[in-house]
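Numbering of residues begins at 1 and proceeds along the displayed sequence. It should be emphasised that the depicted structure is a prediction, and the values quoted were computed from it without experimental measurement.
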Amino acid sequence: MQSSENSRAPLLQLHEVGFQYPQRCLFAGLSAHIASGLVLVRGGDGSGKTTLLRLLAGELPLQTGQVRLNGLCVATQTLLYRQHVYWTEPHTADHDQITALQYFAQLRQRYPGFAAADAPHLHTLISGLSLEPHIHKPLYMLSTGSKRKVWLAGALAAGAALTLLDVPFAALDKPSIGFVMQQLCAAASNPAQVWVLAAYEEPGNVPLAHVINLGD
């Protein structure tokens, strides 16, 4: 586990976090104090990347350890904690019956900082991810890559204190990968946000504040 020097008070704190199935331990004793910036959760298939993101989202109960975001404890203040987290399961069908614009409207109601003046403008994100032809379509009509672009546009516009992205570059075309990398590089300098990316390997040229290595 690696971290950069940072003197600011941590926004996200993990203390001795662990998770196991009856026949297998995914990880144990994960601890980190992250002030802001981009965090990489690196690991191979089945290493527990998505499980850790679900724990950080407050979607999956902790088995051991503690997680705090801006002082809020995920175990005892779950609903309040979740208000500060952006997380969308990449393969979810929960939003299939609404359009991308309707999804963004829901996010605007949930996140006070959605597309605020100091965040990337939603139109720029839609254009940069080539979503213009798809924003009025129900999400079930979109390809896997286009749906992922909708989740990414929402993440980049939400302004959440903690944003969780599971394998964010999967199923994306090369121009969209480059655009998302640019946006993440800009987001890394925001002192009020933590971005956690789960991936198989380190993304190139993206500054990382912390790396959690779950192994292969």
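- Side-chain heavy atoms closer than 4.5 Å link hydrophobic residues (I, L, V, M, F, W, Y) into clusters, and following such links, even through other members, never connects L40 to Y200.
- Side-chain atoms of F179 and D173, non-hydrogen and from C-beta on, never get closer than 4.5 Å to each other.
- Under a 3.5 Å cut-off, the side chain of Y103 and the backbone N or O of D96 do not form any donor-acceptor pair.
- Y86 places a side-chain N or O within donor-acceptor distance of the main-chain N or O of W151, the cut-off being under 3.5 Å.
- By the salt bridge (Lys or Arg N to Asp or Glu O under 4.0 Å) test, E89 pairs with no residue at all, sequence neighbours left out.
- Within the 4.5 Å cutoff, side-chain heavy atoms of V150 are placed close to those of F104.
- A pairwise comparison of heavy atoms in G46 and L26 identifies O-CD2, 3.5 Å as the closest pair.
- One finds the NE2 atom of H15 at 10.0 Å from the OG1 atom of T64 (value rounded to the nearest 0.5 Å).
- Residue A155 comes nearest to L165 through the heavy atom pair CB-CD2, 3.8 Å, listed as atom of the first residue, atom of the second, then distance.
- F27 has its side chain out of reach of I212: every pair of non-hydrogen atoms, C-beta onward, lies at least 4.5 Å apart.
- Cluster annotation: L55 and L79 are assigned to distinct hydrophobic clusters (Ile/Leu/Val/Met/Phe/Trp/Tyr, side-chain heavy-atom contacts under 4.5 Å, transitive).
- In this structure, the side chains of L172 and L152 come closer than 4.5 Å at one or more pairs of heavy atoms.
- No donor-acceptor pair closer than 3.5 Å links the side chain of Q193 to the backbone N or O of T163.
- The CG atom of N205 sits 12.5 Å away from the CG atom of L184 when rounded to the nearest 0.5 Å.
- Here the OG1 atom belonging to T50 is positioned 10.0 Å from the CD atom belonging to E59, to the nearest 0.5 angstrom.
- In this structure the side chain of Q106 reaches within 4.5 angstrom of the side chain of H95, judged on heavy atoms.
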- Task: Begin with the C-alpha distance, continue with both residues' side-chain angles, and end with the deciding distance and a verdict on side chain to side chain contact (heavy atoms under 4.5 Å, CB included) for L162 and Y81.
- Result: CA-CA 10 Å; L162 174 61; Y81 175 100; 3.8 Å; yes
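- Considering CZ of R148 and CZ of F169, their distance stands at 11.0 Å, rounded to 0.5 Å.
- Proximity of a side-chain donor or acceptor of E16 to a complementary backbone N or O of S31 within less than 3.5 Å is not detected.
- Across all non-hydrogen atoms, the minimal contact from T92 to K147 is O-NZ, 3.4 Å.
- Side-chain contact between V196 and L12: present, with at least one pair of heavy atoms (C-beta onward) separated by less than 4.5 Å.
- Of all heavy-atom pairs spanning L107 and G154, the tightest one is CD1-CA, 3.5 Å.
- Of all non-hydrogen atoms in Q20 and Q63, the two that sit nearest each other are N-OE1, 2.7 Å.
- Pairs engaging residues 22-51 under the salt bridge (Lys or Arg N to Asp or Glu O under 4.0 Å) rule: R42-D216 [sequence neighbours left out].
- Side chain of S189 to main chain of A186: a donor-acceptor pair is present (N/O by atom type, distance under 3.5 Å, no hydrogens or angles).
- Placement of V167 and L164 in two distinct hydrophobic clusters is found when ILVMFWY residues are connected by side-chain heavy-atom separations under 4.5 Å, directly or transitively.
- In terms of heavy atoms, H84 sits closest to L72 at CD2-CD1, 3.5 Å.
- Taking CD of Q77 as the reference point, atom CG of N70 lies at 11.5 Å (rounded to 0.5 Å).
- In this structure, I34 CD1 and L14 CG are separated by 6.0 Å, a value rounded to the nearest 0.5 Å.
- Side chain of S47 to main chain of L214: no donor-acceptor pair is present (N/O by atom type, distance under 3.5 Å, no hydrogens or angles).
- For the pair D166 and W87, the minimum side-chain heavy-atom distance is below 4.5 Å.
- Residue-environment remark: CD (E201) stays at or below the threshold of 12 foreign heavy atoms within 6.0 Å.
- Side-chain atoms of V194 and L69, non-hydrogen and from C-beta on, never get closer than 4.5 Å to each other.
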